Amino acid sequence: MQANPWIAGMLAVTVCAGCAHRQGTAPALKAKAAGAAIVVVSGDKQLGFTGALLAQPLVVQVNDDQGNAVPGALVAVTGPRGVAVDPAQVLTDDSGQATIKVMSRGSSGRYEVTATSQDAHGKAFTLAVAEYAAGYQEEVGSEVNGKYCSRCHDPESTTEQVSNYDNLSVKPHSFASGDAYNKFSDADLANIIARGGPAMNRSAQMPPYGWTLNKAEIQAAIAYIRLVSDPPYAAPGVVYAKH
Amino acid sequence: MQTHKSGFISSIKAFVCDPFRMFGVVSLVLLLLLTIAPAKDYFSEWHGYQRQYLNIIRNRGDAITLRRHFEGGLHQIWIPQLGVVDRCETCHVGLTETSLADVKEQPFRAHPAMPHKLTEFGCVVCHRGQGGATTVNEAHHSEMAGEEPILPARYMESSCGQCHQGPLEGTPKLNRGRAMLSRYGCVSCHSISLPDGTKLEATDNPPPLTHIADKTTREWIYAWLKDPTSYSTSATMPNFALSDADASDISAFLIANSVPQPGDQVALPAQGHGPAADPAAGASLYGESFCASCHAAQNAAGNLVGGDLGPELTNVGTKVKPEWLLAWMRDPQKYDPATPMPQYRWTDAQLKVIAGYVQNKSNPDLLSNVHLQPATRAQIAHGKQLVTEYGCASCHEIRGVPKPDNFGPNLSRIGSKPVVQLVFLPDMEHSLPAYLTQKIREPRSFGSTFRMPRYNFTPSQVEAVTTALLSLTDRSYSLPLNLQVAAVRETKYQPAGQAGQIMTNLNCLSCHRINGHGGDMAPDLSWEGSSVQRPWLDEFLKNPNTLRPALIRRMPKFNLTDAERTTLTDYMMTVYQTSSFQRDEMPLTGYTPEQVEKGRQLFYSKYACQSCHMVNPNEDKGYIGPTLTKVGARLNAAWIFHYLKDPQAMRPGTIEPNQHMSDDDARALTAFLMAQKTGAGQGAK
């Protein structure tokens with residue numbers, strides 16, 4: 001049976017890590033124009049489950065040195081091992097944009113997809129776009145965040161959910177602010193979540209959740225905070241006592 | 001040749017006859033044979049991983065502890081009751097070493113926190129694969145008959161569903177997927193039963209098509225059948241990829257098959273065509289009636305705003321006939337007795353305004369290209385044949401077409417379907433999850449003769465449904481019965497008597513849950529009588545003002561008569577009480593100023609309640625929880641006290657955290673809150 005090309009295209013991204021290699025051998029496209037910079041239009045910093053297609057495609061735009069969109073510029077997209085991108089090479093459309101489907105890698109954590117194009121002199125310029133692959137724990141954590149945390153910790157309001165951020169006299173940190181959270185150890189974060197802000201000498205407006213959430217949920221919430229942290233969080237490994 | 005042969009024989013002879021030489025050679029052979037076993041062992045895959053592990057831990061600060069925990073050789077978890085023989089720990093050496101949190105490469109990662117003990121459940125119950133195997137390939141990738149490959153991590157929640165038949169806190173994706181099986185009518189065609197014998201039932205409410213000609217036109221049915229999403233982007237009806245001729249024949253059959261129902265249409269007001277439309281009054285009545293709590297509509301920016309309990313109304317004027325709409329809004333249960341829509345008790349003037357407003361939500365372009373010829377008898381008969389073939393009656397009630405039994409394959413054990421029994425497309429990964437995903441996303445890609453329609457699902461929805469299907473395994477039937485955790489089943493509760501009739505007519509249970517039955521949009525009313533004071537409830541039913549400013553889904557106003565209101569209030573105050581405390585065990589008034597002041601301090605400092613609640617409307621800003629400005633005139637003191645002590649016990653699922661309050665603190669806060677009777681911020685700073 002002959003599969004139609006659209007389905008084959010979908011399959012190429014859904015199937016296996018192996019297709020990452022296959023796409024490398026796709027017939028090369030020729031650039032019709034050259035730009036000077038790539039910018040992200042949408043689809044960056046998305047949370048996707050490991051090994052699954054991201055909900056929104058990654059859209060990038062090639063601009064010239066005046067900041068105008070360049071149609072027909074060649075964009076090559078690569079990801080780390082286990083991340084499939086489709087298409088791996090694409091010409092920007094009439095609005096100077098290229099749309100790329102991205103499949104999260106198989107293990108959880110932050111990863112970067114790199115888009116490369118060349119200017120008129122053949123010099124390459126790149127753009128690194130961060131995405132987050134959520135494993136089971138991070139996914140549960142993002143649910144916990146959505147139900148209990150985000151109303152205060154996320155300053156963005158939507159029609160469905162109005163943020164309480166502006167109403168608080170002590171402003172909570174957004175979970176993306178790694179500078180605020182990376183200095184806390186997992187144990188300290190668990191302590192704040194379970195026993196409230198005052199347990200770590202912080203605001204009582206952070207209530208204790210230790211009698212509402214169980215240990216696994218608190219750990220999941222921490223895993224989520226670590227995942228979306230920017231700059232990324234590096235686990236300390238073993239900490240030695242100072243002599 | 002001859003000489004060679006004799007030479008060979010003679011050398012054999014010399015060899016056999018020389019016992020010393022013979023002994024030496026045989027010993028050598030024996031020695032070589034003896035080294036095979038240890039060599040095989042040494043060069044085995046798992047041994048390699050164990051050596052690699054020792055290398056990794058050698059230079060770590062915790063090397064001594066890790067080295068002490070490490071024990072070489074094959075490891076095995078054996079749990080006869082579960083049929084588990086898992087040797088996974090042979091390679092996954094550091095599974096239980098929490099200090100390996102920073103090691104990211106497999107097979108040496110520590111297992112993340114989990115609700116069950118490794119020694120009680122082993123590995124394959126959740127991860128699948130062959131636990132007994134000692135090579136990566138056999139353990140992870142085998143597709144042979146009777147064996148199954150390892151489950152990709154993103155479907156892991158499906159394994160929880162083998163025992164836990166109901167929603168679980170830790171399995172959001174599985175819960176979503178299971179709800180979708182019922183919500184999108186999957187179980188109308190595919191029968192799915194659980195190990196305890198219960199059958200999943202559809203929770204969507206597809207409209208009966210028996211009187212459809214009263215409601216809409218053949219042209220609309222045609223356009224809808226061709227592509228439901230062109231009419232409404234949030235349509236739950238799937239796309240059957242019908243040809244123009246087939247869609248035309250089905251629409252002809254449905255119209256010809258429809259019988260008029262007396263009262264389905266009312267005469268339109270005399271002036272002009274259709275109900276008078278007053279856009280400003282219409283919009284405000286639409287808002288006041290909180291139609292958006294259940295119905296979504298696209299706003300000017302093109303975003304869908306509103307609930308999904310009822311159908312999307314963006315283009316509804318293109319669909320419904322004005323005379324039907326007026327009759328429907330007067331009494332929806334006449335057309336569809338099972339509808340979740342309440343009877344609003346609008347006055348005739350209001351009906352005209354609201355129906356006119358809704359009728360104006362239309363897009364004439366939708367049907368501008370639909371020109372259907374009057375159908376012949378043969379075409380109508382063909383339409384009926386198609387309706388039968390595509391199983392339309394599995395979901396919709398259609399006159400003269402019985403509901404088919406077992407229309408699609410039974411999916412009760414789909415999660416254990418062997419890979420060898422599946423037919424894959426070229427270039428497709430050979431695994432059950434990949435097959436299910438493709439089947440849900442593009443059912444007809446496996447052949448144009450397949451009848452399964454295509455749903456308009458997002459990738460995460462496809463993943464959720466796949467997860468739910470993968471949880472339906474053979475193993476869930478073979479596990480010991482005491483491990484099965486049954487789902488909390490929806491009860492058949494219906495309020496009785498006169499109040500019950502009013503509540504059925506208002507469809508209270510579409511949004512509220514009472515005694516285990518009903519919707520989850522609005523608060524559970526099972527204990528409402530213990531919670532609120534009677535005068536407040538009476539006033540609220542007269543004029544439902546909102547308690548939570550941040551919510552867009554709110555209680556509509558139903559124009560109840562005084563008698564209806566009194567009946568409802570009496571019934572709710574008497575019947576809907578909790579047995580865990582007496583509602584008058586604490587007084588409504590009479591708290592001392594000292595108690596109130598202590599409560600005030602606790603409210604603003606220790607518990608920082610003002611982050612989410614307002615007591616003093618001039619000072620406080622929090623609006624996550626209900627406004628508490630008049631809470632002393634709304635709630636019973638005993639309810640407040642018990643709620644503060646354990647919010648989740650009084651309202652399961654509430655996000656108000658349990659603060660583990662002492663009785664003294666809870667009493668003081670109750671005193672402070674009971675002092676808030678008029679909204680002036682009594683006792684507040």
Side-chain angles (χ1 to χ4, degrees), chain A residues 1 3-4 7-8 10-12 14-16 19 49-55 106-109 135-137 139-140 143 147-148 151-152 159-162 164 166-169 186 196 198 203-217 219-220 223 234-240, chain B residues 60-62 99 101-104 106 109 112-115 152-154 156-157 169-173 299 303 305 425-429 434 437-438 441-442 445-447 458-460 462-463 549-552 605-608 610-612 620-624 646-648 655-660:
Chain A
M1 200 192 68
N4 75 43
I7 293 162
M10 286 298 286
L11 281 173
T14 42
V15 186
C16 51
C19 52
F49 215 65
T50 47
L53 209 57
L54 287 182
S107 57
S108 64
Y136 166 71
Q137 222 182 357
E139 179 86 350
V140 173
E143 291 285 320
K147 185 170 177 192
Y148 297 97
R151 294 176 191 223
C152 290
T159 48
E160 289 287 312
Q161 187 172 304
V162 180
N164 196 40
D166 290 336
N167 303 322
L168 299 169
S169 54
D186 284 6
S203 168
Q205 294 192 23
M206 167 70 199
Y209 284 95
W211 296 284
T212 308
L213 301 174
N214 61 34
K215 265 191 183 150
E217 286 170 317
Q219 283 204 348
V238 182
V239 182
Y240 303 97
Chain B
R60 292 171 60 93
D62 47 354
S99 73
D102 55 322
V103 174
K104 289 287 177 208
Q106 287 289 31
R109 279 175 146 192
M114 60 179 153
R154 63 183 186 277
M156 197 51 63
E157 291 171 28
E169 288 261 330
T171 60
K173 191 185 291 187
N299 62 12
N303 296 322
V305 179
L425 299 178
D427 274 355
M428 188 173 165
E429 183 196 342
T437 304
Q438 180 65 14
R441 191 186 283 144
E442 280 296 336
S445 64
F446 291 91
T458 62
S460 70
V462 174
E463 213 169 87
L551 285 187
I552 59 163
S605 57
K606 184 172 177 188
Y607 297 112
Q610 78 279 13
S611 315
C612 298
D620 308 339
K621 289 176 177 171
Y623 52 44
I624 298 241
D646 187 352
Q648 278 73 29
I655 64 166
E656 163 133 13
N658 180 341
Q659 305 247 17
H660 211 59

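To find a chain, count down the sequence lines: A is the first, B the second, and so on, and within it residues start at 1. Quick caveat, the model's predicted, so the values are computed rather than measured.
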Original post:
What part of B/Pro459 gets closer than 4.5 Å to chain A, counting heavy atoms only: side chain, backbone, both or neither?
Top reply: side chain
**OP:** Without swapping roles, check the side chain of B/Lys173 against the backbone of B/Arg154 for a donor-acceptor pair under 3.5 Å.
**Re:** yes
**OP:** Report the option among B/Lys606, B/Gln648, B/Gln106 that has the most heavy-atom pairs separated by less than 4.5 Å from atoms of chain A.
**Re:** B/Gln648
Original post:
Can you tell me if B/Tyr607 uses its side chain to pair, donor with acceptor, with the backbone of A/Pro207 under 3.5 Å?
Top reply: no
Original post:
Given B/Ser445 and B/Gln438, is the side chain to side chain donor-acceptor pair (under 3.5 Å) satisfied, shown in steps?
Top reply: CA-CA 8 Å; B/Ser445 64; B/Gln438 180 65 14; 3.1 Å; yes
Original post:
Checking heavy atoms, do the side chain of B/Ala434, its backbone, both or neither come under 4.5 Å from chain A?
Top reply: neither
Original post:
Which residues satisfy the side-chain contact (heavy atoms from CB on, under 4.5 Å) test with A/Ala220, sequence neighbours excluded?
Top reply: A/Gln137, A/Val140
Original post:
Pick from B/Val103, B/Val462, B/Asn658: which one has the most heavy-atom pairs with chain A under 4.5 Å?
Top reply: B/Asn658
Subject >> Contacting moiety of B/Glu463, where chain A heavy atoms sit under 4.5 Å >> reply: side chain
Original post:
Which bit of A/Ala204 is near chain B, if near means a heavy-atom gap under 4.5 Å: side chain, backbone, both or neither?
Top reply: both
Original post:
Looking at residues at least two apart in the chain, or sitting in another chain, which of them share a side-chain contact (heavy atoms from CB on, under 4.5 Å) with A/Lys147?
Top reply: B/Ile655
